[in-house]
Amino acid sequence: MGFSTDAIHAGQIPDPTTGAVITPVYLTSTYAQHELGKSTGYEYGRTHNLTRQALEKNIATLEKGNYGIAFASGLAATHALMNLLKAGDHVIVSNNVYGGTYRLYEQNMTNYGLEYSWVDTSNLSNVAGAVKKNTKMIFVETPTNPMLALTDLEGVAKIAKINNLVSVCDNTFMSPYFQNPLKWGMDIVLHSTTKYLNGHSDAIGGILVTNDEKYHERLRYIQNAAGGVPSPFDCWLVLRSTKTLAVRMKQHEENAKAFAEFLFKSGVAQKVIYPGLKDHPQHELAQKQMRGFGGMVSADFGTIEKAKKVLNNVKVFTLAESLGGVESLICHPASMTHASVPKSEREKYGLTDSLVRFSVGIEDIEDLIKDVEQALQ
Ligand SMILES: Cc1ncc(COP(=O)(O)O)c(C=O)c1O
């Protein structure tokens, strides 16, 4: 089926009791058993929930995967992944990832004997060169948050296969509408469903998708054993939202392209970063591995004073953490999303104090452009 047809129907059938077209929110913690040792197949809410199963099937289909395993947040999914490893194992990670991912790995998981190398994965020879005897996983984010640097997914998947490593891609920024990492040979895709998949800024969630039975089995076990599951209502909210993912993403992209071009041509920013701009150093790779360029734009305004002027004076953009909702958000990564990354680390990849990140929403583009113009005045 086409993307929109899958987005609207995959994982969902009319409710067998009432014919309800929309999958109900199954608010139950437990299920009656027929007799001792004979259940309906549904035993306990942490283990089985029909709304969650529908969501897992839906997103797995959009990611061209067989299995989806949903979690209470993107970070809960990122944490669950670490259960594929054991003390002494080494992971290669993109040096510029979401700040919370950095914090979890570098400040928490290292206490359990895991070792991380922070690598500029946009250069494949860095990835191959970072493989050690104890390396077990490559974790990439592409495009990265907030520098929008790309990693060649096909190349990383090949390095992982040759070295018998599990390869993971955080696909939050592109959503399955614009990028399917499994198609390029990656083993596992991660999403913060909080972002584009939900798209309405009213639920927190995460999901892992894979085609590999053994990773699925282990992650499904961890979902139940550690219990970081999303509520049925949050699953329902995301399931409602994926139905409109295609139309939302098209509009996000149309607006982001026009917005990036405005920033670029008007010269209001010192540097504009958007994979859809021809001057993006990986524009060609973006055209190869993505079906579009997404809705995120970053701009360096040169000085913190100028960045502050924009951040504090916009009226249509909302100054807030997060991204991917229908409403436009603006954020200062250095002090907000990436505050837990040391200044010396983030400046290595260009995340300066004057960098501003725009999550371009689906309002009228003229209003978004005017908003930045008036903020600068
Ligand atoms: C790229 C990326 N991955 C993961 C996460 C974590 O997701 P959550 O906030 O749902 O835990 C975020 C959150 O901003 C993100 O931007």
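Sequential numbering from 1 along the given sequence is applied to the chain's residues. Computed over heavy atoms, backbone and side chain alike; hydrogens, waters and symmetry mates excluded. Each ligand, and each atom within it, is numbered from 1 in the order the structure gives.
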With heavy atoms of D170 as the reference, note each atom of ligand 1 found under 4.0 Å away. 1 (C), 2 (C), 3 (N), 4 (C)
Report yes if L323 has an N/O atom closer than 3.5 Å to an N/O atom of ligand 1; otherwise report no. no
Contact atoms of ligand 1, heavy-atom distance to S73 under 4.0 Å: 10 (O), 11 (O)
Going by the order shown, which atoms of ligand 1 are within less than 4.0 Å of some heavy atom of N145? 16 (O)
Heavy atom of the protein closest to atom 6 (C) of ligand 1 (residue, atom name, distance): Y98 CE2, 3.5 Å
Would S241 and N198 count as having a side-chain donor-acceptor pair, cut-off 3.5 Å? yes
Taking E363 for the side chain and S328 for the main chain, is one N or O donor matched with an acceptor at less than 3.5 Å? yes
Answer with side chain, backbone, both or neither: which part of K195 has a heavy atom less than 4.0 angstrom from an atom of ligand 1? side chain
Indicate yes or no: at least one non-hydrogen side-chain atom of P176 is less than 4.5 angstrom from one of H191. yes
Would you say L75 has any N or O atom under 3.5 Å from an N or O of ligand 1, going by distance alone? yes
Does the ring centre of Y26 sit less than 6.0 Å away from the ring centre of Y42? no
Give me the one residue out of H216, R52, R218 that meets side-chain contact (heavy atoms from CB on, under 4.5 Å) with I69. H216
Evaluate the side-chain proximity of H200 to R248: yes if any heavy-atom separation is below 4.5 Å, no if none is. yes
What is the minimum heavy-atom distance between L323 and Y196, and which atoms define it? CD1-CE1, 4.0 Å
Is the shortest distance from a heavy atom of G205 to ligand 1 less than 4.0 Å? yes
Are any of the N/O atoms in E141 less than 3.5 Å from those in ligand 1? no
